[in-house]
Amino acid sequence: MKITTWNINSVRLRMPLVVHFLKTNAPDVICLQETKCRDAEFPSSDLRALGYEHLAVNGQKGYHGVAIASKLPVRLLDKQDFCDAGHARHVAVEIDAGGAPLSLHNFYVPAGGDEPDETVNPKFAHKLGFLDEMTEWIKRERIAAGRSVLVGDLNIAPLEHDVWSHKALLKVVSHTPIEVEKLNKMFEAGEWIDSMRRFVPPQEKLYTWWSYRASDWAASDRGRRLDHVLVSQALGGALAGLQVAREARGWERPSDHVPVTVELSL
DNA sequence: ATGGTGGCCCAGCCA
């Protein structure tokens, strides 16, 4: 079973890229973030035509928005609104995979603004509060008990080699010590396995996002690993492969994030 | 130290 996560930065604008990716990679499930449209405007029929007949959509006008499109039947589990912000940042389904159910959570964690100080920047405070609530919810609801996968744009690069320069980014939102600490607490709350790092050792650079604000993203290669695939302990033995589609950053009118796919042998 | 780009849709806001 192949599960892809991709921050698409407007699904309607980039539907041709989604179609190309699905035709060439054929994951069983794709989780999208930053769809930036209402549910009624989500390109459901295009996805159904490609065999992704089972959809769970949590959208809003203009901002945020997440969706899961699956070839396998899904049952809607949940749409959480942490911090009661009224943002569409989570959708979860149960998938019948290999004869037993698997729960799949798709997240878009707040980016947090520019200033990494929660006393002056409400967006940074929101990001930290969101992570706290997520952590408590994972514990309380036992989200990682059994076969569970949590994917998405978590907007934090936790490891030294998840960014192009650890030193240069220590005070940059996405790699500050307090964010990394909160993310690690969330990891610990579910005893999640960082599946990408099971395939690429922590001492190797690994990115999923490159800023639009670079004259040549590939040459400067100042990336960050903001997108993640976490699996519960029950699925650790099933991890079978990882693909980070770096080439997607070079496509015409690209998202600033690339698709990340994890394969599970269920 | 600064400013760089791109999305929502045409004004700022958000990333």
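Chain letters run A, B, ... following the sequence lines, proteins first and then strands; every chain starts at 1.
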Note to self: Closer than 4.0 angstrom, basic N to acidic O: yes or no for Lys185(A) and Glu188(A)?
What the structure shows: no
Margin query: Check this one for me: any side-chain N or O of Lys61(A) less than 4.0 Å away from OP1 or OP2 of dC8(B)?
Written below: no
Note to self: Any non-hydrogen side-chain atom of Leu242(A) less than 4.5 Å from a side-chain atom of Val260(A)?
What the structure shows: yes
Margin query: Classify Arg38(A) by what it touches in the nucleic acid, base, sugar-phosphate, or nothing, heavy-atom distance under 4.0 Å.
Written below: nothing
Next item on the list: Please determine if a side-chain N or O atom of Arg253(A) lies less than 4.0 Å away from the OP1 or OP2 oxygen of dG7(B).
Entry: yes
Check: How long is the line joining CH2 of Trp210(A) and C1' of dG6(B), in whole Å?
Finding: 17 Å
Checklist line | Anti versus syn assignment for dC9(B), with syn defined as within 90° of 0 | finding: anti
Next item on the list: Using the C1' atoms only, state how far dA15(B) lies from dG3(B), rounded to an integer number of Å.
Entry: 16 Å
Checklist line | Length of the CD-P vector between Glu115(A) and dC14(B), whole Å | finding: 16 Å
Check: Roughly how many Å is it from CG in Asn7(A) to P in dA15(B), rounded to a whole number?
Finding: 11 Å
Margin query: Here's a test of your reading of the structure: between Gly62(A) and Ala214(A), which maps to the more 5' nucleotide of DNA chain B?
Written below: Ala214(A)
Next item on the list: Check the distance between dA15(B)'s P and Trp209(A)'s CH2 and give it to me in whole angstrom.
Entry: 13 Å
Margin query: Quick test of your reading of the model: are Asp221(A) and Arg249(A) salt-bridged, counting only N-O distances below 4.0 Å?
Written below: no
Notebook entry, point to check: Considering only the P atoms, how many Å lie between dT2(B) and dG6(B), rounded to the nearest integer?
Noted result: 23 Å
Next item on the list: Could you say whether Lys123(A) or Tyr212(A) is positioned toward the 5' end of DNA chain B, judged by the nucleotide with the nearest heavy atom to each?
Entry: Tyr212(A)
Next item on the list: Using whole Å, report how far NE2 of His257(A) lies from C1' of dT5(B).
Entry: 14 Å
Notebook entry, point to check: Is a side-chain N or O of Asn155(A) found less than 3.5 angstrom from the main chain of Val109(A), in a donor-acceptor match?
Noted result: yes
Notebook entry, point to check: Nearest-Å distance, NE2 (His64(A)) to C1' (dA15(B))?
Noted result: 10 Å
Checklist line | Distance, P atom - from dC9(B) to dC14(B), rounded to whole angstrom | finding: 15 Å
Check: Atom OH of Tyr63(A) to atom C1' of dA11(B): distance rounded to whole Å?
Finding: 10 Å
Checklist line | Length of the line joining Asn121(A):CG and dC14(B):C1', which is rounded to integer Å | finding: 12 Å
Check: Touch check for Arg89(A), heavy atoms < 4.0 angstrom, all strands: base, sugar-phosphate only, or nothing?
Finding: sugar-phosphate
Check: Going by distance alone, is a donor N or O of one side chain under 3.5 Å from an acceptor N or O of the other, for Thr5(A) and Gln33(A)?
Finding: yes
Note to self: Less than 4.0 angstrom between a side-chain N/O of Arg14(A) and OP1 or OP2 of dG7(B), yes or no?
What the structure shows: yes
